[in-house]
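Heads up, the thing below is written out as C-alpha coordinates.
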Amino acid sequence: MDISNCKHLRFFGLHLNSLACKCVALVVIALVLRAIFLPSFSSLGGIGNNNLFAVNNGPSTLNQELRIEKTQFLEVPQIIWGLNNQKIAFARACLTARMLNRTLLMPSLSASLFYKEIDLLQPISFDKVFQFENFNSLCKGFVQLGRYSEVSNQSDVFELRKGSGRRWTVKRDLDQLRQFRNNLYDGYEIIRIVGKNPFLWHDHWPVKDYARVFECLVLVEEISREADKIVSKIREIGSKEIRKIEPFQNVIDPVPYVAVHMRIEKDWMIHCKKLEQRSNISEICSSKEEIMERVGNIVGLKTPAVIYLAVADALLEDNSILTGWKEGLLPFEKKKLGVVEIYKKHQYLIQSAIDYEVCLRSDVFVGNSFSTFSSLVVLDRTQKMIKMGARNLCGMEAKWPSYSYNLRGESKGPHPWMTNMSNLNLQAISYGSNHVSC
Ligand SMILES: *[C@@H]1O[C@H](CO)[C@@H](O)[C@H](O)[C@H]1NC(C)=O
Ligand SMILES: *[C@@H]1O[C@H](CO)[C@@H](O)[C@H](O)[C@H]1NC(C)=O
Ligand SMILES: *[C@@H]1O[C@H](CO)[C@@H](O)[C@H](O)[C@H]1NC(C)=O
Ligand SMILES: *[C@@H]1O[C@H](CO)[C@@H](O)[C@H](O)[C@H]1NC(C)=O
(Lines give C-alpha, C1' and ligand atoms only; values in the text may rest on other atoms or scores of the structure.)
(Ligands and ions follow the chains in the order given, each with its own letter.)
Protein backbone atom coordinates (compact mmCIF):
# COMPACT_ATOMS: atom_id res chain seq x y z
CA MET A 1 0.00 0.00 0.00
CA ASP A 2 1.18 3.51 -0.59
CA ILE A 3 2.14 6.39 1.59
CA SER A 4 -1.07 8.28 1.12
CA ASN A 5 -2.89 5.58 3.05
CA CYS A 6 -0.42 5.92 5.93
CA LYS A 7 -0.86 9.68 5.97
CA HIS A 8 -4.53 9.10 6.10
CA LEU A 9 -4.16 6.79 9.07
CA ARG A 10 -1.83 9.12 10.92
CA PHE A 11 -4.52 11.67 10.57
CA PHE A 12 -6.56 9.62 12.99
CA GLY A 13 -3.74 9.78 15.55
CA LEU A 14 -2.11 6.49 14.64
CA HIS A 15 1.63 6.19 14.21
CA LEU A 16 2.56 3.08 12.36
CA ASN A 17 5.60 1.49 10.92
CA SER A 18 5.48 0.41 7.32
CA LEU A 19 4.29 -3.16 7.91
CA ALA A 20 1.59 -2.21 10.37
CA CYS A 21 0.58 0.51 8.01
CA LYS A 22 0.06 -2.01 5.25
CA CYS A 23 -2.05 -4.27 7.45
CA VAL A 24 -4.25 -1.48 8.74
CA ALA A 25 -4.66 -0.10 5.25
CA LEU A 26 -5.86 -3.48 4.04
CA VAL A 27 -8.36 -3.72 6.87
CA VAL A 28 -9.64 -0.24 6.10
CA ILE A 29 -10.07 -1.13 2.45
CA ALA A 30 -11.89 -4.31 3.36
CA LEU A 31 -14.24 -2.34 5.61
CA VAL A 32 -14.87 0.24 2.93
CA LEU A 33 -15.66 -2.45 0.39
CA ARG A 34 -18.01 -4.14 2.82
CA ALA A 35 -19.74 -0.86 3.50
CA ILE A 36 -20.23 -0.36 -0.23
CA PHE A 37 -21.62 -3.77 -0.93
CA LEU A 38 -23.72 -4.10 2.21
CA PRO A 39 -25.51 -0.75 2.32
CA SER A 40 -26.13 -0.57 6.04
CA PHE A 41 -24.77 -2.61 8.92
CA SER A 42 -27.17 -1.24 11.47
CA SER A 43 -30.13 -2.00 9.26
CA LEU A 44 -28.99 -5.57 8.70
CA GLY A 45 -28.81 -5.81 12.48
CA GLY A 46 -32.40 -4.60 12.49
CA ILE A 47 -33.56 -7.50 10.38
CA GLY A 48 -31.74 -9.96 12.61
CA ASN A 49 -33.53 -8.56 15.61
CA ASN A 50 -36.90 -8.86 13.94
CA ASN A 51 -36.27 -12.49 13.23
CA LEU A 52 -35.21 -13.12 16.82
CA PHE A 53 -38.28 -11.33 17.98
CA ALA A 54 -40.47 -13.55 15.82
CA VAL A 55 -38.87 -16.73 17.10
CA ASN A 56 -39.18 -15.64 20.71
CA ASN A 57 -42.81 -14.79 20.51
CA GLY A 58 -44.65 -17.95 19.61
CA PRO A 59 -44.76 -20.67 17.00
CA SER A 60 -42.20 -19.65 14.42
CA THR A 61 -44.11 -21.04 11.45
CA LEU A 62 -47.08 -18.79 12.20
CA ASN A 63 -44.85 -15.75 12.45
CA GLN A 64 -43.07 -16.76 9.30
CA GLU A 65 -46.34 -16.78 7.39
CA LEU A 66 -47.45 -13.47 8.84
CA ARG A 67 -44.19 -11.96 7.80
CA ILE A 68 -44.46 -13.19 4.24
CA GLU A 69 -48.06 -12.11 3.80
CA LYS A 70 -47.51 -8.60 5.06
CA THR A 71 -47.63 -6.25 2.07
CA GLN A 72 -44.41 -4.46 1.34
CA PHE A 73 -44.29 -1.02 -0.16
CA LEU A 74 -42.16 1.23 -2.26
CA GLU A 75 -42.26 4.98 -1.73
CA VAL A 76 -41.04 7.49 -4.31
CA PRO A 77 -40.45 11.26 -4.29
CA GLN A 78 -43.18 13.64 -5.46
CA ILE A 79 -43.66 13.42 -9.20
CA ILE A 80 -43.09 16.69 -11.06
CA TRP A 81 -43.04 18.61 -14.40
CA GLY A 82 -45.49 18.40 -17.30
CA LEU A 83 -48.39 15.93 -17.46
CA ASN A 84 -46.57 13.56 -19.75
CA ASN A 85 -43.30 13.59 -17.88
CA GLN A 86 -45.35 12.89 -14.78
CA LYS A 87 -47.02 9.93 -16.47
CA ILE A 88 -43.66 8.52 -17.51
CA ALA A 89 -42.24 9.10 -14.03
CA PHE A 90 -45.26 7.40 -12.50
CA ALA A 91 -44.91 4.39 -14.80
CA ARG A 92 -41.20 4.20 -13.98
CA ALA A 93 -42.04 4.18 -10.26
CA CYS A 94 -44.60 1.40 -10.86
CA LEU A 95 -42.12 -0.69 -12.84
CA THR A 96 -39.49 -0.22 -10.15
CA ALA A 97 -41.99 -1.43 -7.54
CA ARG A 98 -42.79 -4.39 -9.78
CA MET A 99 -39.11 -5.22 -10.02
CA LEU A 100 -38.78 -5.16 -6.24
CA ASN A 101 -42.00 -7.16 -5.86
CA ARG A 102 -43.57 -4.35 -3.87
CA THR A 103 -46.75 -2.29 -3.89
CA LEU A 104 -46.21 1.35 -4.88
CA LEU A 105 -47.48 3.76 -2.25
CA MET A 106 -49.76 6.13 -4.12
CA PRO A 107 -47.46 9.04 -5.02
CA SER A 108 -48.19 12.75 -5.16
CA LEU A 109 -48.33 14.32 -8.58
CA SER A 110 -47.85 18.07 -9.13
CA ALA A 111 -50.68 20.31 -10.22
CA SER A 112 -48.47 23.14 -11.41
CA LEU A 113 -45.93 23.12 -14.16
CA PHE A 114 -42.79 23.15 -12.10
CA TYR A 115 -39.46 24.47 -13.20
CA LYS A 116 -37.40 25.72 -10.32
CA GLU A 117 -39.45 26.94 -7.38
CA ILE A 118 -39.93 23.96 -5.09
CA ASP A 119 -42.51 25.81 -3.01
CA LEU A 120 -44.77 26.17 -6.03
CA LEU A 121 -44.97 22.43 -6.62
CA GLN A 122 -48.63 22.13 -5.54
CA PRO A 123 -48.79 18.44 -4.69
CA ILE A 124 -51.98 16.71 -5.82
CA SER A 125 -52.89 13.21 -4.85
CA PHE A 126 -52.84 10.64 -7.67
CA ASP A 127 -56.47 9.73 -7.01
CA LYS A 128 -57.60 13.32 -7.63
CA VAL A 129 -56.60 12.80 -11.26
CA PHE A 130 -56.80 9.07 -11.96
CA GLN A 131 -59.17 6.41 -10.62
CA PHE A 132 -57.42 4.51 -7.84
CA GLU A 133 -59.57 1.35 -7.58
CA ASN A 134 -59.83 1.09 -11.32
CA PHE A 135 -56.07 1.35 -11.66
CA ASN A 136 -55.58 -1.60 -9.34
CA SER A 137 -58.22 -3.72 -11.02
CA LEU A 138 -56.93 -3.02 -14.54
CA CYS A 139 -53.31 -3.58 -13.51
CA LYS A 140 -53.94 -6.58 -11.26
CA GLY A 141 -51.12 -9.08 -11.46
CA PHE A 142 -48.82 -6.48 -13.00
CA VAL A 143 -48.44 -3.55 -10.61
CA GLN A 144 -50.47 -2.38 -7.62
CA LEU A 145 -50.94 0.87 -5.75
CA GLY A 146 -51.34 1.09 -1.99
CA ARG A 147 -52.51 3.77 0.42
CA TYR A 148 -50.61 4.99 3.45
CA SER A 149 -53.45 3.74 5.63
CA GLU A 150 -52.48 0.17 4.67
CA VAL A 151 -49.02 0.57 6.14
CA SER A 152 -48.79 -0.98 9.60
CA ASN A 153 -45.57 0.70 10.72
CA GLN A 154 -44.63 3.89 8.90
CA SER A 155 -41.22 4.04 10.56
CA ASP A 156 -40.20 0.62 9.30
CA VAL A 157 -38.37 2.21 6.39
CA PHE A 158 -35.18 1.53 4.51
CA GLU A 159 -33.94 4.50 2.50
CA LEU A 160 -32.57 3.66 -0.90
CA ARG A 161 -30.49 6.42 -2.38
CA LYS A 162 -30.08 6.20 -6.11
CA GLY A 163 -26.69 7.27 -7.38
CA SER A 164 -26.23 10.21 -9.71
CA GLY A 165 -23.78 11.74 -12.09
CA ARG A 166 -21.99 10.47 -15.14
CA ARG A 167 -20.51 7.46 -13.44
CA TRP A 168 -23.88 6.22 -12.22
CA THR A 169 -24.53 4.15 -15.33
CA VAL A 170 -27.66 2.27 -16.37
CA LYS A 171 -25.92 -0.96 -15.41
CA ARG A 172 -24.99 0.22 -11.93
CA ASP A 173 -28.53 1.42 -11.39
CA LEU A 174 -29.92 -1.94 -12.47
CA ASP A 175 -27.44 -3.79 -10.26
CA GLN A 176 -28.53 -1.70 -7.30
CA LEU A 177 -32.21 -2.47 -7.92
CA ARG A 178 -31.45 -6.16 -8.30
CA GLN A 179 -29.68 -6.07 -4.98
CA PHE A 180 -32.84 -4.73 -3.37
CA ARG A 181 -34.85 -7.70 -4.59
CA ASN A 182 -32.73 -9.72 -2.24
CA ASN A 183 -34.69 -10.99 0.74
CA LEU A 184 -32.28 -9.19 3.07
CA TYR A 185 -34.61 -6.24 2.65
CA ASP A 186 -37.81 -8.24 3.15
CA GLY A 187 -37.78 -7.17 6.78
CA TYR A 188 -38.60 -3.59 5.84
CA GLU A 189 -42.19 -2.72 5.25
CA ILE A 190 -41.24 0.32 3.16
CA ILE A 191 -38.34 0.97 0.86
CA ARG A 192 -38.21 4.71 0.30
CA ILE A 193 -36.34 5.97 -2.72
CA VAL A 194 -34.79 9.34 -2.00
CA GLY A 195 -33.21 11.82 -4.35
CA LYS A 196 -34.10 12.35 -7.96
CA ASN A 197 -37.52 12.57 -9.50
CA PRO A 198 -38.51 9.24 -11.11
CA PHE A 199 -38.49 10.83 -14.58
CA LEU A 200 -34.73 11.15 -14.20
CA TRP A 201 -34.20 7.56 -13.12
CA HIS A 202 -32.54 5.25 -15.55
CA ASP A 203 -34.86 3.32 -17.80
CA HIS A 204 -34.80 -0.49 -17.66
CA TRP A 205 -38.11 -1.42 -19.21
CA PRO A 206 -39.50 -2.12 -22.67
CA VAL A 207 -42.16 0.15 -24.20
CA LYS A 208 -44.83 -2.50 -23.81
CA ASP A 209 -44.42 -2.45 -20.02
CA TYR A 210 -44.99 1.30 -20.00
CA ALA A 211 -48.00 0.84 -22.26
CA ARG A 212 -49.37 -1.74 -19.81
CA VAL A 213 -49.20 0.85 -16.99
CA PHE A 214 -50.66 3.68 -19.09
CA GLU A 215 -53.60 1.45 -19.96
CA CYS A 216 -54.58 1.37 -16.30
CA LEU A 217 -54.66 5.18 -16.00
CA VAL A 218 -58.27 6.22 -16.28
CA LEU A 219 -59.17 9.85 -15.53
CA VAL A 220 -61.54 10.48 -12.64
CA GLU A 221 -65.08 11.21 -13.83
CA GLU A 222 -64.98 14.88 -12.96
CA ILE A 223 -62.14 15.40 -15.45
CA SER A 224 -63.31 13.06 -18.17
CA ARG A 225 -66.72 14.79 -18.14
CA GLU A 226 -64.90 18.05 -18.90
CA ALA A 227 -63.23 16.34 -21.86
CA ASP A 228 -66.66 15.05 -22.98
CA LYS A 229 -67.92 18.64 -23.01
CA ILE A 230 -65.04 19.83 -25.21
CA VAL A 231 -65.38 16.91 -27.62
CA SER A 232 -69.15 17.41 -28.01
CA LYS A 233 -68.61 21.12 -28.53
CA ILE A 234 -66.10 20.42 -31.33
CA ARG A 235 -68.51 18.03 -33.04
CA GLU A 236 -71.55 20.23 -32.54
CA ILE A 237 -69.99 23.45 -33.85
CA GLY A 238 -68.13 21.52 -36.56
CA SER A 239 -71.35 19.94 -37.73
CA LYS A 240 -73.06 23.36 -38.00
CA GLU A 241 -70.17 24.76 -40.03
CA ILE A 242 -70.20 21.79 -42.38
CA ARG A 243 -73.93 22.17 -42.93
CA LYS A 244 -73.35 25.80 -43.88
CA ILE A 245 -70.88 24.74 -46.57
CA GLU A 246 -72.79 21.71 -47.80
CA PRO A 247 -76.46 22.25 -46.94
CA PHE A 248 -77.67 19.38 -49.12
CA GLN A 249 -75.22 16.71 -47.98
CA ASN A 250 -75.80 14.26 -45.18
CA VAL A 251 -73.42 15.09 -42.39
CA ILE A 252 -71.95 12.11 -40.56
CA ASP A 253 -73.07 12.05 -36.96
CA PRO A 254 -71.07 12.35 -34.78
CA VAL A 255 -68.98 14.47 -37.07
CA PRO A 256 -65.31 13.36 -37.11
CA TYR A 257 -62.51 15.73 -36.14
CA VAL A 258 -58.77 15.99 -36.67
CA ALA A 259 -56.73 17.09 -33.62
CA VAL A 260 -53.51 18.93 -34.39
CA HIS A 261 -51.07 19.32 -31.52
CA MET A 262 -49.55 22.49 -32.87
CA ARG A 263 -46.26 23.31 -31.21
CA ILE A 264 -45.19 26.70 -32.44
CA GLU A 265 -45.02 28.72 -29.21
CA LYS A 266 -41.83 30.67 -28.54
CA ASP A 267 -40.46 28.33 -25.82
CA TRP A 268 -40.83 25.32 -28.05
CA MET A 269 -39.25 27.02 -31.05
CA ILE A 270 -36.18 27.87 -28.98
CA HIS A 271 -36.04 24.33 -27.57
CA CYS A 272 -36.49 22.61 -30.92
CA LYS A 273 -33.89 24.76 -32.69
CA LYS A 274 -31.36 23.81 -30.03
CA LEU A 275 -32.35 20.18 -30.36
CA GLU A 276 -31.89 20.34 -34.12
CA GLN A 277 -28.37 21.69 -33.67
CA ARG A 278 -27.43 19.22 -30.98
CA SER A 279 -28.79 16.12 -32.71
CA ASN A 280 -28.00 17.24 -36.26
CA ILE A 281 -31.55 16.45 -37.35
CA SER A 282 -33.26 19.12 -39.42
CA GLU A 283 -36.83 17.85 -39.13
CA ILE A 284 -37.78 18.77 -35.59
CA CYS A 285 -39.21 22.29 -35.85
CA SER A 286 -42.19 22.94 -38.10
CA SER A 287 -43.46 26.43 -38.80
CA LYS A 288 -47.13 27.29 -38.72
CA GLU A 289 -47.15 27.33 -42.54
CA GLU A 290 -45.53 23.91 -42.79
CA ILE A 291 -48.04 22.38 -40.37
CA MET A 292 -50.96 23.93 -42.28
CA GLU A 293 -49.64 22.67 -45.60
CA ARG A 294 -49.00 19.13 -44.41
CA VAL A 295 -52.33 18.74 -42.62
CA GLY A 296 -53.98 20.00 -45.82
CA ASN A 297 -52.30 17.21 -47.77
CA ILE A 298 -53.23 14.18 -45.66
CA VAL A 299 -53.90 11.46 -48.20
CA GLY A 300 -57.48 10.20 -47.97
CA LEU A 301 -58.78 12.85 -45.57
CA LYS A 302 -62.38 13.68 -46.48
CA THR A 303 -63.26 17.35 -46.60
CA PRO A 304 -64.84 19.43 -45.31
CA ALA A 305 -63.05 18.42 -42.11
CA VAL A 306 -63.18 19.84 -38.62
CA ILE A 307 -59.72 20.62 -37.21
CA TYR A 308 -59.15 21.09 -33.48
CA LEU A 309 -55.94 22.98 -32.73
CA ALA A 310 -54.40 21.97 -29.40
CA VAL A 311 -52.14 24.97 -28.76
CA ALA A 312 -50.49 26.69 -25.82
CA ASP A 313 -52.63 29.38 -24.22
CA ALA A 314 -50.32 32.15 -25.39
CA LEU A 315 -51.30 31.31 -29.00
CA LEU A 316 -55.00 31.81 -28.35
CA GLU A 317 -54.34 35.54 -28.62
CA ASP A 318 -52.82 35.02 -32.06
CA ASN A 319 -55.75 34.85 -34.45
CA SER A 320 -53.48 34.06 -37.36
CA ILE A 321 -53.41 30.36 -36.40
CA LEU A 322 -57.02 30.19 -37.60
CA THR A 323 -56.28 31.57 -41.04
CA GLY A 324 -54.31 30.19 -43.95
CA TRP A 325 -55.74 26.65 -43.84
CA LYS A 326 -56.60 24.93 -47.10
CA GLU A 327 -60.17 25.22 -48.33
CA GLY A 328 -62.37 22.58 -46.72
CA LEU A 329 -60.48 22.55 -43.43
CA LEU A 330 -62.43 24.17 -40.60
CA PRO A 331 -60.05 25.10 -37.77
CA PHE A 332 -61.10 25.74 -34.15
CA GLU A 333 -59.28 26.33 -30.92
CA LYS A 334 -60.55 26.74 -27.35
CA LYS A 335 -61.42 30.39 -27.83
CA LYS A 336 -63.42 29.97 -31.02
CA LEU A 337 -65.25 27.01 -29.48
CA GLY A 338 -66.04 29.11 -26.41
CA VAL A 339 -64.58 26.57 -23.99
CA VAL A 340 -61.78 28.65 -22.44
CA GLU A 341 -63.87 28.94 -19.27
CA ILE A 342 -64.05 25.17 -18.88
CA TYR A 343 -60.26 25.01 -18.81
CA LYS A 344 -59.73 28.08 -16.67
CA LYS A 345 -61.49 26.49 -13.72
CA HIS A 346 -58.68 23.94 -13.41
CA GLN A 347 -55.04 23.80 -12.45
CA TYR A 348 -52.35 23.24 -15.06
CA LEU A 349 -52.18 19.44 -14.72
CA ILE A 350 -55.93 19.00 -15.17
CA GLN A 351 -56.04 21.36 -18.17
CA SER A 352 -53.31 19.33 -19.76
CA ALA A 353 -55.10 16.05 -18.99
CA ILE A 354 -58.25 17.38 -20.69
CA ASP A 355 -56.31 18.45 -23.77
CA TYR A 356 -54.64 15.04 -23.89
CA GLU A 357 -58.01 13.31 -23.78
CA VAL A 358 -59.39 15.50 -26.58
CA CYS A 359 -56.39 14.58 -28.77
CA LEU A 360 -56.59 10.91 -27.81
CA ARG A 361 -60.25 10.62 -28.81
CA SER A 362 -59.84 12.45 -32.13
CA ASP A 363 -60.57 10.60 -35.36
CA VAL A 364 -57.21 11.67 -36.79
CA PHE A 365 -54.32 12.94 -34.72
CA VAL A 366 -51.41 15.01 -36.05
CA GLY A 367 -48.50 15.87 -33.75
CA ASN A 368 -44.77 16.38 -33.52
CA SER A 369 -42.69 13.23 -33.16
CA PHE A 370 -40.27 15.10 -30.86
CA SER A 371 -42.98 16.08 -28.40
CA THR A 372 -43.58 13.80 -25.40
CA PHE A 373 -47.25 14.81 -25.36
CA SER A 374 -47.73 13.81 -29.02
CA SER A 375 -45.70 10.63 -28.54
CA LEU A 376 -47.82 9.45 -25.64
CA VAL A 377 -51.04 10.20 -27.53
CA VAL A 378 -49.76 8.04 -30.40
CA LEU A 379 -48.64 5.28 -28.04
CA ASP A 380 -52.07 5.24 -26.42
CA ARG A 381 -53.86 5.10 -29.80
CA THR A 382 -51.53 2.38 -31.09
CA GLN A 383 -52.07 0.31 -27.94
CA LYS A 384 -55.86 0.64 -28.26
CA MET A 385 -55.74 -0.57 -31.88
CA ILE A 386 -53.50 -3.51 -31.00
CA LYS A 387 -55.91 -4.50 -28.21
CA MET A 388 -58.75 -4.50 -30.74
CA GLY A 389 -56.75 -6.80 -32.95
CA ALA A 390 -56.51 -4.17 -35.70
CA ARG A 391 -54.25 -5.00 -38.61
CA ASN A 392 -53.67 -1.62 -40.16
CA LEU A 393 -52.02 0.75 -37.75
CA CYS A 394 -50.70 3.29 -40.25
CA GLY A 395 -52.41 5.93 -42.39
CA MET A 396 -56.09 6.37 -43.20
CA GLU A 397 -56.64 2.60 -43.23
CA ALA A 398 -56.15 2.57 -39.46
CA LYS A 399 -59.03 2.95 -37.05
CA TRP A 400 -57.31 5.85 -35.26
CA PRO A 401 -54.68 7.18 -37.63
CA SER A 402 -51.86 9.39 -36.37
CA TYR A 403 -49.33 11.50 -38.28
CA SER A 404 -46.24 13.53 -37.52
CA TYR A 405 -46.22 16.89 -39.26
CA ASN A 406 -42.50 17.47 -38.72
CA LEU A 407 -41.72 14.53 -41.02
CA ARG A 408 -42.68 14.67 -44.66
CA GLY A 409 -44.89 11.90 -45.97
CA GLU A 410 -46.27 11.22 -49.45
CA SER A 411 -47.89 14.01 -51.54
CA LYS A 412 -46.34 16.65 -49.25
CA GLY A 413 -48.50 15.40 -46.41
CA PRO A 414 -47.44 14.51 -42.86
CA HIS A 415 -45.80 11.13 -42.23
CA PRO A 416 -48.07 8.36 -40.88
CA TRP A 417 -47.04 7.45 -37.34
CA MET A 418 -47.47 4.56 -34.91
CA THR A 419 -45.53 3.45 -31.84
CA ASN A 420 -43.14 0.55 -32.21
CA MET A 421 -44.16 -1.56 -29.22
CA SER A 422 -41.07 -3.75 -29.61
CA ASN A 423 -38.71 -0.97 -28.58
CA LEU A 424 -36.61 -2.05 -25.65
CA ASN A 425 -36.76 1.27 -23.84
CA LEU A 426 -38.76 4.45 -23.75
CA GLN A 427 -35.98 6.69 -25.07
CA ALA A 428 -37.71 7.37 -28.37
CA ILE A 429 -40.90 8.38 -26.66
CA SER A 430 -39.61 10.43 -23.78
CA TYR A 431 -37.03 12.38 -25.74
CA GLY A 432 -38.50 12.27 -29.24
CA SER A 433 -37.45 10.58 -32.44
CA ASN A 434 -37.85 10.66 -36.17
CA HIS A 435 -38.45 6.91 -36.31
CA VAL A 436 -42.18 6.75 -36.64
CA SER A 437 -42.46 3.10 -37.68
CA CYS A 438 -44.85 3.54 -40.60
C1 LIG B 1 -43.71 -11.43 -4.36
O2 LIG B 1 -44.48 -11.15 -3.21
C3 LIG B 1 -45.59 -12.00 -3.01
C4 LIG B 1 -46.34 -11.55 -1.76
O5 LIG B 1 -46.14 -10.21 -1.50
C6 LIG B 1 -45.10 -13.43 -2.86
O7 LIG B 1 -46.21 -14.29 -2.75
C8 LIG B 1 -44.27 -13.82 -4.10
O9 LIG B 1 -43.73 -15.11 -3.91
C10 LIG B 1 -43.13 -12.82 -4.28
N11 LIG B 1 -42.41 -13.14 -5.51
C12 LIG B 1 -41.08 -13.14 -5.58
C13 LIG B 1 -40.50 -13.49 -6.89
O14 LIG B 1 -40.39 -12.87 -4.60
C1 LIG C 1 -41.74 0.10 13.69
O2 LIG C 1 -40.51 -0.02 13.02
C3 LIG C 1 -39.40 0.52 13.70
C4 LIG C 1 -38.19 0.41 12.80
O5 LIG C 1 -38.05 -0.89 12.29
C6 LIG C 1 -39.23 -0.22 15.03
O7 LIG C 1 -38.14 0.35 15.74
C8 LIG C 1 -40.50 -0.11 15.84
O9 LIG C 1 -40.39 -0.90 17.01
C10 LIG C 1 -41.68 -0.61 15.02
N11 LIG C 1 -42.92 -0.37 15.77
C12 LIG C 1 -43.82 -1.31 15.94
C13 LIG C 1 -45.03 -0.90 16.72
O14 LIG C 1 -43.70 -2.46 15.51
C1 LIG D 1 -24.92 16.54 -40.00
O2 LIG D 1 -25.63 15.84 -41.01
C3 LIG D 1 -25.23 16.13 -42.33
C4 LIG D 1 -26.13 15.41 -43.32
O5 LIG D 1 -27.25 14.87 -42.72
C6 LIG D 1 -23.77 15.74 -42.53
O7 LIG D 1 -23.34 16.07 -43.84
C8 LIG D 1 -22.91 16.44 -41.49
O9 LIG D 1 -21.59 15.98 -41.59
C10 LIG D 1 -23.44 16.18 -40.08
N11 LIG D 1 -22.68 16.96 -39.12
C12 LIG D 1 -22.26 16.46 -37.96
C13 LIG D 1 -21.51 17.39 -37.08
O14 LIG D 1 -22.45 15.29 -37.63
C1 LIG E 1 -39.25 -1.93 -33.87
O2 LIG E 1 -38.23 -2.05 -32.88
C3 LIG E 1 -37.49 -3.24 -32.99
C4 LIG E 1 -36.56 -3.30 -31.80
O5 LIG E 1 -35.87 -2.10 -31.61
C6 LIG E 1 -36.75 -3.26 -34.34
O7 LIG E 1 -36.02 -4.46 -34.46
C8 LIG E 1 -37.78 -3.14 -35.46
O9 LIG E 1 -37.11 -3.05 -36.69
C10 LIG E 1 -38.65 -1.93 -35.27
N11 LIG E 1 -39.73 -1.94 -36.25
C12 LIG E 1 -40.06 -0.90 -36.98
C13 LIG E 1 -41.18 -1.08 -37.93
O14 LIG E 1 -39.49 0.18 -36.88
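Because the structure is predicted, anything quoted here is derived from the model rather than measured. Heavy-atom basis, side chains included; hydrogens, waters and symmetry copies ignored. Whatever order the structure lists them in is the order used to number ligands and atoms, beginning at 1.
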### Task
With a 4.0 angstrom cut-off on heavy atoms, strictly below it, pick out the residues next to ligand 4 and order them by chain and number.
Asn420, Ser422, Asn423, Ser437

#### Entry: Near-ring test Phe130/Phe90, centroid separation under 6.0 angstrom
no

### Message
When you compare ligand 2 with Asp156, is there at least one nitrogen or oxygen pair between them that comes in under 3.5 angstrom?
### Response
yes

### Query
Looking at Ser155, which atoms of ligand 2 are within less than 4.0 Å of one of its heavy atoms?
4 (C)

### Message
I'd like to know whether Met388 forms a side-chain contact (heavy atoms from CB on, under 4.5 Å) with Trp400, so could you lay out the CA-CA distance, the side-chain angles of the two residues, the decisive distance to 0.1 Å, and finally the verdict.
### Response
CA-CA 11 Å; Met388 286 174 54; Trp400 291 296; 3.4 Å; yes

### Message
I need the minimum non-hydrogen distance between His415 and Arg408, along with the two atoms involved.
### Response
CD2-O, 3.5 Å

### Message
Quick check: Phe73 with Tyr148 (ring centres under 6.0 Å apart)?
### Response
no

### Task
Check the angle between the aromatic planes of Phe365 and His261 and answer parallel, tilted or perpendicular using the 30° and 60° thresholds.
parallel

### Task
Would you verify whether the NZ or CZ of Arg294 falls within 45 degrees of the ring axis of Tyr403 while also being under 6.0 Å from that six-membered ring's centre?
no

### Task
Please confirm whether Lys140 makes a cation-pi placement over Phe135, using NZ or CZ under 6.0 Å from the six-membered ring centre and within 45° of the ring normal.
no

